[in-house]
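A short write-up of the structure that comes next.
Worth knowing before you read on, the calculation uses all heavy atoms, side chains too, and leaves out hydrogens, waters and symmetry mates. Bear in mind that the values here come from a model prediction, so they are computed numbers and not experimental data.
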Amino acid sequence: MSSDSPTPGRADGSDSRTTAPGTLGRRTVLASAAAAAPLLAGLSAAPASAQTGAATARDTARTSTRALQGGGDLGPNVYVFDPSTPDIQATLDDIFRRQESDQFGTGRYALLFKPGTYQGLNAQIGFYTSIAGLGLSPDDTTINGDVTVDAGWFDGNATQNFWRSAENLALVPVSGSNRWAVAQAAPFRRMHVRGDLNLAPSGYGWASGGYIADSRIDGQVTPYSQQQWYTRDSAVGGWLNGVWNMVFSGVEGAPAQSFPNPPYTTLDTTPVSREKPFLYLDGDEFRVFLPEKRTDARGVSWGNGTPRGTSLPLSQFYVAQPGVTAAALNQALDQGLNLLLTPGIYHVDQPIQVNRAGTVVLGLGYATIVPDNGTTAVRVADVDGVRLAGFLIDAGPVNSETLLEVGPQGASQDHSADPITVQDVFVRIGGAGAGKATTSMVINSRHTIVDHTWVWRADHGTGVGWDTNRADYGIVVNGDDVLCTGLFVEHFNKYDVQWNGERGRTVFFQNEKAYDAPDQAAVQDGSVRGYAAYKVGDAVTEHEGWGLGSYCYYNVDPTIVQDHGFAAPDRPGVKFHDLLVVSLSGNGQFAHVINDTGAGTSGTDTVPSTVVSYP
């Protein structure tokens, strides 16, 4: 990095308001083993800070009697570029070589670009790598080039291209089309593509994404082999095709409602949305922008150049670096600071406890929280306006009852004016090592918005097996009036989603049932064969969902039968639109789609069975 690259700033002051705007899983067997990428000894450009040792020692040495300071540097794994930075491409290439196939490694990186114009770059984005512009609008930072995800490391199979992101950039693709061939946990937010966007790998191999929000694609989006996708509050010049389940809400230029042929579910608006917080530069000082809530949203939030919302200086954030203790993080929160988690792994021996209304916990570069002793990783009080965004929770080897808890049991406060938001917060049990959690995510607070999550019990990697990475429930929703937009939940031992709250809504759901169930008895739910992927509680009187899909791939015992993918009480106020179930190559079958409705799957042809409207 050039010597004139900024040191992350220590902002001085007040808020400002901007008023202008184990067993081999399906993914593994679909392609031969991936070739390992070479590991480089060093990177060609200096990171944003070379003081990580001192910072870590400073943070961990603090005690509760000494006040913690806000602001500070962003650590060694945040790279800040400006148009004059030399050898940008070489730095990008070096990081990609480290991360291209490092699916369960410890490397974490954020690549941040100051406002300006960059020429001739191809930023290939690997695991645990985030690329973002530092302007208030995507058009403030233009790359004449590409931000690329492909699947060469896995023989053209993109179904394991997890945990990476692109945000807040304008792209002018060299060929006219930018390739973003991703799977789960790989958001494309606040992007402006001045051309087409290709969502498939070169060679059109398998792909299992994906999520776009608050983005403008001037040309056509071409999914090709993508099985499913959710696009929210965006604008597209066209949409080429769909395979199983393509869902749109609040998207200008979206195809018309036509499920199941083509498989488009189209909502004119998104009921409630609030975009993810993001880091930006105000002059030479870093700030965090907090977009305002929108109701019945349609199109991008930055259409007039500058979004609407509030802005906080970095001095109001405790800038955490790996090695800091949970006690220090909680002390910072108790002092009234927000948290900015710089890239790395954070081991915690007590919950990160968010008690103050309006608190922001923002991760960079897939900052990862690991509970070491069976504790809950993050717990939020029943207060207004908390924003959790941009981090991964990785279950530890001692079973946690919950990993993320939003609101205590019995929470009942009305948060409709200023909801809690959970955005790009991902959960993993197993894969990087043995991990266990009874329930991954519990939502107790009313009006919470869960906007894009992937909650995943691993089907491959290290520490994987029916009881080795035991995790009974993915998401349990007890709060009323909760909205999920972009809900990906997979492979849990029992219910992937259990919804007990009233007036819940889900726009887009993607699920695979656990591959590794040893036999029918292991998934027997009383008299029901198989735990539903999405279960609405028997006492619920109002619920609604749009564009929900569940797939089975019981490769240990292909004779397993699921009575249904979806289970819900038969009441007029409980409604579903555009449901599908799929048996992947005949490894297990569904008898029905929802309750006793919908034809069963059969054979090995991987053809969805659908229900357009229920009841």
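Put simply, the residue from Asp233, Asp139, Asp424, Asp214 that forms a salt bridge (Lys or Arg N to Asp or Glu O under 4.0 Å) with Arg190 is Asp214. With His491 as the fixed residue, the ring-ring contact (aromatic ring centres under 6.0 Å, His included) test singles out one of Tyr515, Tyr554, Tyr553, Trp454: Tyr515. Among Phe488, Phe188, Tyr230, Phe508, the single residue meeting the ring-ring contact (aromatic ring centres under 6.0 Å, His included) criterion with His452 is Phe488. With Asp451 as reference, Arg189 is the one residue of Arg274, Arg294, Arg189 to meet the salt bridge (Lys or Arg N to Asp or Glu O under 4.0 Å) rule.
Within a 6.0 Å sphere centred on NZ of Lys293, heavy atoms belonging to other residues, nucleotides or ligands number more than 12.
Atom-to-atom distance recorded for Asp94:CG and Gln89:CD is 10.0 Å, nearest 0.5 angstrom. Of the inter-residue distances, the one linking Asn122 atom CG with Phe96 atom CZ reads 9.0 Å to the nearest 0.5 angstrom. Considering OG1 of Thr604 and CD of Gln589, their distance stands at 9.0 Å, rounded to 0.5 Å. Rounding to the nearest 0.5 Å gives a distance of 10.5 Å between CG of Leu169 and CG of Asp140. The CG atom of Leu364 sits 8.0 Å away from the CG atom of Leu341 when rounded to the nearest 0.5 Å. How far CD of Gln257 is from NE2 of His577: 9.5 Å, rounded to the nearest 0.5 Å.
A salt bridge links Glu275 with Arg232: at least one charged nitrogen is closer than 4.0 Å to a carboxylate oxygen. For the pair Arg457 and Asp496, the salt-bridge criterion is not met [side-chain N within less than 4.0 Å of a carboxylate O]. A salt bridge is absent between Asp218 and Arg194: the closest approach of a Lys/Arg side-chain nitrogen to an acidic carboxylate oxygen does not fall below 4.0 angstrom.
Using a 4.5 Å cut-off on side-chain heavy atoms (C-beta onward), Thr141 and Tyr118 make contact. Side-chain contact between Trp456 and Phe426 is absent, with no heavy atoms from C-beta onward closer than 4.5 Å.
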With side chain to side chain contact (heavy atoms under 4.5 Å, CB included) as the criterion, how do Phe492 and Ile429 come out once you've worked through the C-alpha distance, each side chain's angles and the decisive distance to 0.1 Å?
CA-CA 10 Å; Phe492 285 84; Ile429 301 96; 3.8 Å; yes
For Val611 and Phe576, run side chain to side chain contact (heavy atoms under 4.5 Å, CB included): C-alpha distance rounded to whole Å, both residues' side-chain angles, the deciding distance at 0.1 Å, then the answer.
CA-CA 9 Å; Val611 168; Phe576 287 92; over 6 Å; no
Can Phe248 and Trp239 be said to form a side chain to side chain contact (heavy atoms under 4.5 Å, CB included), step by step?
CA-CA 11 Å; Phe248 310 84; Trp239 192 276; 3.6 Å; yes
Quick one, Leu404 with Phe391, criterion side chain to side chain contact (heavy atoms under 4.5 Å, CB included). Give me CA distance, side-chain angles, the key distance, then yes/no.
CA-CA 12 Å; Leu404 171 62; Phe391 57 87; 5.6 Å; no
From CA spacing to verdict: ring pair (Phe, Tyr, Trp, His ring centres under 6.0 Å), Phe289, Trp302
CA-CA 12 Å; Phe289 193 82; Trp302 46 272; over 10 Å; no
Could you go step by step and tell me if Ser165 and Ser130 meet the side-chain hydrogen bond (donor to acceptor under 3.5 Å, both in side chains) rule?
CA-CA 5 Å; Ser165 66; Ser130 297; 2.8 Å; yes
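The aromatic rings of Trp153 and Phe127 stand perpendicular to each other, their planes meeting at an angle above 60°, with 30° marking the opposite boundary.
Remark: the backbone N or O of Pro173 is not paired with any side-chain donor or acceptor of Asp146 at under 3.5 angstrom.
Contact detail for Gln103 and Trp163: the closest heavy-atom pair is O-CZ3, 3.7 Å. The two residues Leu92 and Ala123 come nearest to each other via the heavy atoms CD1-CB, 3.8 Å. Considering every non-hydrogen atom in both Pro608 and Trp244, the closest pair reads CG-CD1, 3.4 Å. Across all their heavy atoms, Val300 and Ala235 have their closest contact at CG1-N, 4.5 Å. When all heavy atoms are compared, the tightest approach of Ala377 to Ile369 is CB-CG2, 3.9 Å. When every heavy atom of Ala389 is checked against every heavy atom of Pro277, the shortest pair comes out as CB-CD, 3.9 Å.
Under a cutoff of 6.0 Å and an axis angle of 45°, Arg164 and Tyr128 do not form a cation-pi pair.
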